[in-house]
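Numbered from 1 within each chain, the chains take letters A, B, ... in sequence-line order.
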Protein chains: 2
Amino acid sequence: MSTSLHHRAIENLGTRIITGELPTGHIMLAEHLEEELKVSRSVVREAVRVLQSLGLVETTKRVGIRVLPPSRWNPFDSQVIRWRLSSDARGAQLRSLIELRSAVEPAAAELAANNAPAQLRRELVDIAHALRDAGHSGDAQKFLELDIAFHSVLLSGSGNEMFANLMGQVAETLTGRTVHGLMPDHPHEGALQWHVDLAEAVAAGDAATARDASEQIMRRTTSRLSGTWTDQPRVFIPVRRN
Amino acid sequence: MSTSLHHRAIENLGTRIITGELPTGHIMLAEHLEEELKVSRSVVREAVRVLQSLGLVETTKRVGIRVLPPSRWNPFDSQVIRWRLSSDARGAQLRSLIELRSAVEPAAAELAANNAPAQLRRELVDIAHALRDAGHSGDAQKFLELDIAFHSVLLSGSGNEMFANLMGQVAETLTGRTVHGLMPDHPHEGALQWHVDLAEAVAAGDAATARDASEQIMRRTTSRLSGTWTDQPRVFIPVRRN
DNA sequence: TGACACCGATGTGTGCAGACATCAAAACTC
DNA sequence: GAGTTTTGATGTCTGCACACATCGGTGTCA
């Protein structure tokens, strides 16, 4: 992607809003943004429109472009997630993602065991075995790739497009784990086996066992990552009433 | 809100893409859209930029504006969900949402029992009792409002902004239930009690009981709605590899 | 005199029209 | 078939007219 001006403007404003450099309630003028970003009005306007659809800003005539509070941001947008992962709120974002995965993956395992097409089931078993081998041989790079592939295929096999869409975020959390040096040289033997158990349960159509194995995996993942957000306060989004 | 031209253009193109009137791979020219929608270039461009950020289209120089396949759409965007709910894929969208709620709400109940601030716990209990009363007295309108409020407060009390963001979608599924005439005159007595049990378990910090009650509620909701999507085929999103 | 309703000036986003720049697909040349 | 040129669409810039929310002044009435 040859970063267009439009894309760069979104990136610039998005990161600055999410890091808090542009705080809630801060008001910008389109004209001012033109000269600050050294781009034309059309670029600014198109970027603002996109940020508006992400819930980061709102525009009001006679006032300007107002930065909205975090409770209005769309927490499922991949751009927003990416920006938060590279901000001070990284820990809180990881916790949210892990909690979401912990809720969704066992359900996805159950659905996959009941509905996945035969090819995906076979693929899942193959990946699980390769994953175990990579874990034993200590090939960290290959292990990471297979781990991502495993969970991606599982989510895809659920036949729920919302679950499947979380693939990208899962990849982020898994790669983030290596970045933080949280990967042991030799992955936990139990975890390797749980992956195999999960894959074979899905292949056999055993939904209950698949869910159990997935819950085991997520419990371990949670406990391994929970150290990164111990100091992050929880944010309680106010209920929006009409 | 005097729907701006920009907003109308997004609505027009978004619905037509999601209903399939503009099929995957269909190519449009910005110039052509100008005269079709009777708007200027800037309106078209800003609308296309937003649709691009939703994954509905991509733009390529020398080619035009290409409609992307459903697997590229952002299934968590509230606009996309709304468009799908009012299309032929309504059943499939409802199934996705219910499966997501079934996975998330029990987890949210657990988190709320562990983390929710005292005021939200009290509010949840109050709403649960009012909900039971409304159920007994047969006030369908009030019942719906309280039902939505109950689940909103629960999700909000989880302290996970991604869970909390699902409030809007939950409201859609619940109101959709009345639209489809799936609401009995007098709600199920057990369901009313489960809401009270859930609220009191959250108030008491009893995570396990809260989860159980939530699972009961979601099981019943699923079984009551499952009739609407019996004929909807599942879509398996291909795994995107780099 | 003070409170309140009205109204016009002001400034900002919204929408429009036209031009040039850029760059990748397509056509062409060798 | 590889390399080059042409072409046509999006990308970017600019000047202008309009809509309309906000603010402050003015006038009216109690």
Check your understanding: What's the closest nucleotide to the A/H6 side chain, out of C/dC16, D/dT12, D/dC16?
Key -> D/dT12
Check your understanding: To the nearest angstrom, how far is A/L37 atom CG from D/dT12 atom P?
Key -> 13 Å
**Study point:** Whole-Å distance separating the CD atom of B/E46 from the C1' atom of D/dT12
**Key:** 13 Å
**Study point:** Value in whole Å for how far the C1' atom of D/dT10 lies from NE2 of A/H7
**Key:** 17 Å
**Study point:** Non-hydrogen atoms of B/F163 and A/A103 that approach each other most closely
**Key:** CZ-CB, 4.4 Å
Review point. What is the distance, rounded to the nearest whole Å, between atom CZ of A/R45 and atom P of D/dC16?
Key: 16 Å
Practice item. Would you indicate whether A/E31, at its atom CD, is surrounded by more than 12 heavy atoms from other residues, nucleotides or ligands within a distance under 6.0 Å? Key: no
Review point. Nearest-Å distance, CD (B/E58) to P (C/dA24)?
Key: 14 Å
Point to revise | B/H129/B/H195 under ring pair (Phe, Tyr, Trp, His ring centres under 6.0 Å): CA gap, chis, key distance, verdict | key: CA-CA 8 Å; B/H129 287 136; B/H195 280 77; over 10 Å; no
Exercise for review: Show the numbers, then the answer: is there a side-chain hydrogen bond (donor to acceptor under 3.5 Å, both in side chains) between B/S78 and B/Q169?
Suggested key: CA-CA 7 Å; B/S78 60; B/Q169 280 73 330; 5.6 Å; no
**Study point:** Presence of donor-acceptor pair under 3.5 Å, side chain of A/R41 and base of D/dG15
**Key:** yes
Revision key, fill the gap. In whole angstroms, the gap separating C1' of C/dT22 from CG of A/L5 amounts to 11 Å
Practice item. In whole angstrom, give the distance that lies between atom CD of A/E34 and atom C1' of D/dG15. Key: 12 Å
Point to revise | Phosphate-side-chain proximity, B/S40 and C/dG15, N/O vs OP1/OP2 below 4.0 Å | key: no
**Study point:** Under 3.5 Å side-chain donor-acceptor pair for B/N12 and B/R8
**Key:** no
Review point. Tell me, for nucleotides 7-13 of chain C in 5' to 3' order, what letter each nucleotide earns: B for a base near a protein heavy atom under 4.0 Å, S for only sugar-phosphate near one, - for neither?
Key: ---BBBS
Check your understanding: Would you find a donor on one side and an acceptor on the other, under 3.5 Å apart, between the side chain of A/R95 and the backbone of A/Q232?
Key -> yes
Review point. How about B/W83 and B/E11: does a side-chain donor come under 3.5 Å of a side-chain acceptor?
Key: yes
Practice item. Please report, rounded to the nearest Å, how far the P atom of C/dA25 is from the CD1 atom of B/I27. Key: 11 Å
